[in-house]
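Following: one structure in structure tokens, then a few remarks.
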Amino acid sequence: MLQPNGINHLAIASSDMKGTLQYFNDVLGLPLVALYWMHGAENTMHGFLALNESSLLAFVCSPLIPDEVEIGKSHAGNPGAPCSKGTMQHLAFNVDSLEDLLAVRDRIRSRGIHCFGPVEHGYLQSIYFAGPEGMTLECATLTGKDMKHWIDATTVKELGITEEELHRLRNPIPYEQPAEPVQNAPMESAHPLKMVFPPEAYEKMLSQSDEELREHTRDDVPPDEAPSGGRAFY
């Protein structure tokens with residue numbers, strides 16, 4: 001099955017890069033692995049902390065990111081509260097065992113931060129705590145119970161999901177990559193979901209081949225070897 005197999009990095013907006021990095025470094029023990037000016041974004045920093053060898057927690061910081069937090073809109077404030085659609089309601093980190101979960105809970109509490117749990121969810125157990133800049137955080141460990149029993153029939157019915165649709169959700173359509181690369185659709189026939197760039201920049205990016213765009217945006221020299229930074233994204 002051709003599909004994403006994990007999270008490479010989560011990129012979260014921050015108006016206080018130093019303080020945010022220090023929180024996750026001290027409270028959760030995540031090491032800093034990269035910190036540099038983000039190419040293609042004026043006055044914007046990118047910082048990365050390692051969760052494991054292939055998964056990172058990242059932050060994007062610029063003077064244009066506002067300090068204000070509005071609970072119920074920009075942020076939820078707790079794991080079950082509302083916030084704006086498309087935003088991250090809460091962030092849950094994985095640990096390998098209940099013993100590890102309890103150790104992380106104690107580490108968090110040792111910093112004077114309130115941490116609740118473990119809470120039993122059947123297929124996983126979780127602890128909950130507050131992060132910087134209004135973030136709602138969780139650490140969780142899977143219990144090994146079969147998750148297929150947690151697709152609730154009444155919830156499926158409430159959402160109007162048919163049996164056929166449920167089967168499709170459980171069994172995504174297989175995809176076989178063709179011999180030749182698939183090209184971007186023309187603007188007029190493309191899907192309505194699009195990233196938000198200045199129109200002229202979007203058109204320019206769309207007019208380039210994959211190879212041309214890759215060369216135009218190439219930024220593969222570490223900043224300590226190329227202090228001037230990378231090229232503009234558009």
Side-chain angles (χ1 to χ4, degrees), residues 2-21 24 33-49 51 54-77 79 81-93 131-137 159 169 172-173 175 177 181-221 223 226 228-234:
L2 185 63
Q3 65 180 62
N5 62 6
I7 299 294
N8 180 281
H9 67 274
L10 293 163
I12 302 172
S14 173
S15 63
D16 178 15
M17 179 67 87
K18 180 180 177 181
T20 299
L21 292 175
F24 285 97
V33 292
L35 178 62
Y36 54 91
W37 291 103
M38 190 175 185
H39 76 277
E42 188 176 359
N43 297 322
T44 301
M45 299 176 183
H46 218 0
F48 291 80
L49 299 157
L51 292 165
S54 61
S55 185
L56 305 166
L57 177 64
F59 296 94
V60 177
C61 179
S62 88
L64 299 179
I65 294 174
D67 287 323
E68 294 79 14
V69 169
E70 189 172 356
I71 300 299
K73 291 190 177 180
S74 66
H75 294 64
C83 57
S84 297
K85 64 180 181 179
T87 62
M88 186 172 60
Q89 202 276 345
H90 68 276
L91 170 60
F93 300 102
E133 302 188 306
M135 281 184 271
T136 299
L137 302 175
L159 292 172
L169 287 169
I173 300 172
Y175 179 77
Q177 187 176 13
V182 177
Q183 301 302 312
N184 274 316
M187 185 71 81
E188 61 273 12
S189 61
H191 195 285
L193 291 178
K194 297 178 180 67
M195 288 180 287
V196 181
F197 286 102
E200 64 280 6
Y202 205 111
E203 291 282 2
K204 182 178 180 180
M205 292 161 59
L206 200 59
S207 69
Q208 295 178 320
S209 68
D210 295 329
E211 292 75 18
E212 289 171 335
L213 183 63
R214 181 182 182 186
E215 287 304 312
H216 179 70
T217 60
R218 183 181 290 277
D219 189 36
D220 55 358
V221 179
S228 61
R231 308 182 195 180
F233 193 74
Y234 53 83

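Since this is a predicted model, take the numbers as computed values, not measurements. Computed from heavy atoms alone, side chains included, the values below leave out hydrogens, waters and symmetry copies.
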Which atom of Asp219 lies closest to which atom of His39, heavy atoms considered: OD2-ND1, 3.1 Å
Which atoms form the tightest heavy-atom contact between Tyr202 and Lys194, and what is the distance? OH-CB, 3.4 Å
For a quick check under 3.5 Å, do Glu68 and Ser74 share a side-chain donor-acceptor pair by atom type? no
To the nearest 0.5 Å, how far apart are CG in Leu49 and OG1 in Thr20? 9.5 Å
Evaluate the side-chain proximity of Leu35 to Met17: yes if any heavy-atom separation is below 4.5 Å, no if none is. yes
Give a yes or no on whether the backbone of Glu133 and the side-chain of His75 come within a donor-acceptor separation of less than 3.5 Å. yes
Reported CG-to-OG distance for the pair Asp67 and Ser14, which is rounded to 0.5 angstrom: 9.0 Å
Using the ring of each side chain (for Trp, its six-membered ring), is Phe48 parallel, tilted or perpendicular to Tyr36, with breaks at 30° and 60°? parallel
Got a salt bridge between Glu211 and Arg214, using NZ or NE/NH1/NH2 to carboxylate O under 4.0 Å? no
Enter the distance from Ser209:OG to Gln183:CD here, rounded to the nearest 0.5 Å. 8.5 Å
Test item: His9 side-chain N/O and Ser55 main-chain N/O as donor-acceptor pair under 3.5 Å: no
Roughly how far apart are His90 NE2 and Thr136 OG1, rounded to 0.5 Å? 8.5 Å
Side chain proximity check, Ile12 to Leu91, heavy atoms < 4.5 angstrom: yes
If you count the non-hydrogen atoms of other residues, nucleotides and ligands that lie under 6.0 Å from CE in Met45, is the total more than 12? no
Can you give me the closest heavy-atom contact between His46 and Phe59, atom names plus distance? ND1-O, 3.2 Å
Using only atom types and a distance under 3.5 Å, with no angle test, would you say the side chain of Gln89 pairs donor to acceptor with the backbone of Ala76? no
For Ile7, is the CD1 atom crowded, meaning more than 12 foreign heavy atoms sit under 6.0 Å from it? no
Asn43 side, atom CG; Cys61 side, atom SG - distance, nearest 0.5 Å: 10.5 Å
Answer yes or no: are there more than 12 heavy-atom neighbours, outside Gln177 itself, under 6.0 Å from its atom CD? no
Rounding to 0.5 Å, atoms CH2 (Trp37) and CD (Glu42) come to a distance of 10.0 Å
At their closest point, which heavy atom of Thr44 faces which heavy atom of Ser62, and how far apart are they? OG1-CB, 3.4 Å
